[in-house]
Amino acid sequence: ALLNLRDHRISADGVITILEEETGKVVNRIETKTKISGGVAVDRGRIIVSTAKGEVIAYEVGGKPAWTASVAGEVISPATVSDKALVIRTSDGRLVGLNPLDGKRKWVYQRPLPALLLRSETGGRVVGKEILLGVPGGKLLALDLACQRLARRAKALAGVNAGIEAARVEEVDRLVT
């Protein structure tokens, strides 16, 4: 729990800096000796980072790697953390669910990508037993965290009502969290 009261910063060259949230004082620096691409997440007292080569690494607070997993694709956003799975989004459109305790792969979800695609560096949002994810084409997916089964899919938000629909999604998100 103490780790969650701290701010975690990471540089592209692989230095994780842990700061006291209130004072900004440096608590620890971890030299990972690897180039980091996907941001930082915190789960169960571990710091989760990922690389452009598809490695996901969990570090203990002291800097020792707890586990490493390969997701075979460039990771471009921080892991989304839940009790059931760490969800990793790769640049080729795959979502990979890893066991938070040991990094073992639990599931993979992939859908076809459009021919022209802007890179998305957003993760997902855990709501109950599902993860909500925006995907190319303006779709919103809800996947069951335990088994990656598609729970729901919402239509694209476009046209005159897009602002109203987006506001409704935000309102539901506020009510659920």
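Reckoned from all heavy atoms, side chains included, excluding hydrogens, waters and symmetry mates.
- Side-chain contact between R105 and V96 is present, with heavy atoms from C-beta onward closer than 4.5 Å.
- Contact annotation: the side chain of S50 never approaches that of E55 to less than 4.5 Å [non-hydrogen atoms, C-beta and beyond].
- Minimum interatomic distance between R44 and S82 (heavy atoms only, all atoms of both residues): NH1-O, 3.9 Å.
- Here the side chains of K106 and N99 are in contact, with some heavy-atom distance below 4.5 Å.
- Annotation: side chain of V56 is not in contact with side chain of T68 (no heavy-atom distance under 4.5 Å).
- Side chains of K104 and W67 form no contact here, defined as non-hydrogen atoms less than 4.5 Å apart.
- Across all non-hydrogen atoms, the minimal contact from S37 to T51 is OG-C, 3.0 Å.
- For the pair I16 and R29, the minimum side-chain heavy-atom distance is 4.5 Å or more.
- Formation of a donor-acceptor pair under 3.5 Å by the R94 side chain with backbone atoms of V71 is found in this model.
- When side chains are defined from C-beta on, I57 does not count as touching T32, because their heavy atoms never get closer than 4.5 Å.
- Between the R46 side chain and the P65 main chain, no donor and acceptor come within less than 3.5 Å of each other.
- In this structure, CG in D83 is found 11.5 Å from NZ in K129, a value given to the nearest 0.5 Å.
- L98 approaches A69 most closely through the heavy-atom pair CD1-CB, 4.0 Å.
- Of the candidates L95, V87, V81, I131 forms a side-chain contact (heavy atoms from CB on, under 4.5 Å) with just one, namely V87.
- Distance CG/L145 to CG/L86: 10.0 Å, rounded to 0.5 Å.
- In this structure, W107 contributes its side chain and A85 its backbone to no donor-acceptor pair below 3.5 Å.
- When each of V26, V40, V42, I47 is paired with I18, the side-chain contact (heavy atoms from CB on, under 4.5 Å) condition holds for I47 and for no other.
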> Stepwise, does the salt bridge (charged side-chain N to carboxylate O under 4.0 Å, His left out) test hold for E74 with K53?
Replying inline: CA-CA 5 Å; E74 180 184 9; K53 294 184 178 183; over 6 Å; no

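- Contact between V75 and G54 at its shortest, heavy atoms only, is CG2-CA, 4.3 Å.
- Proximity of I30 to V15: side-chain heavy atoms (C-beta onward) are nowhere separated by under 4.5 Å.
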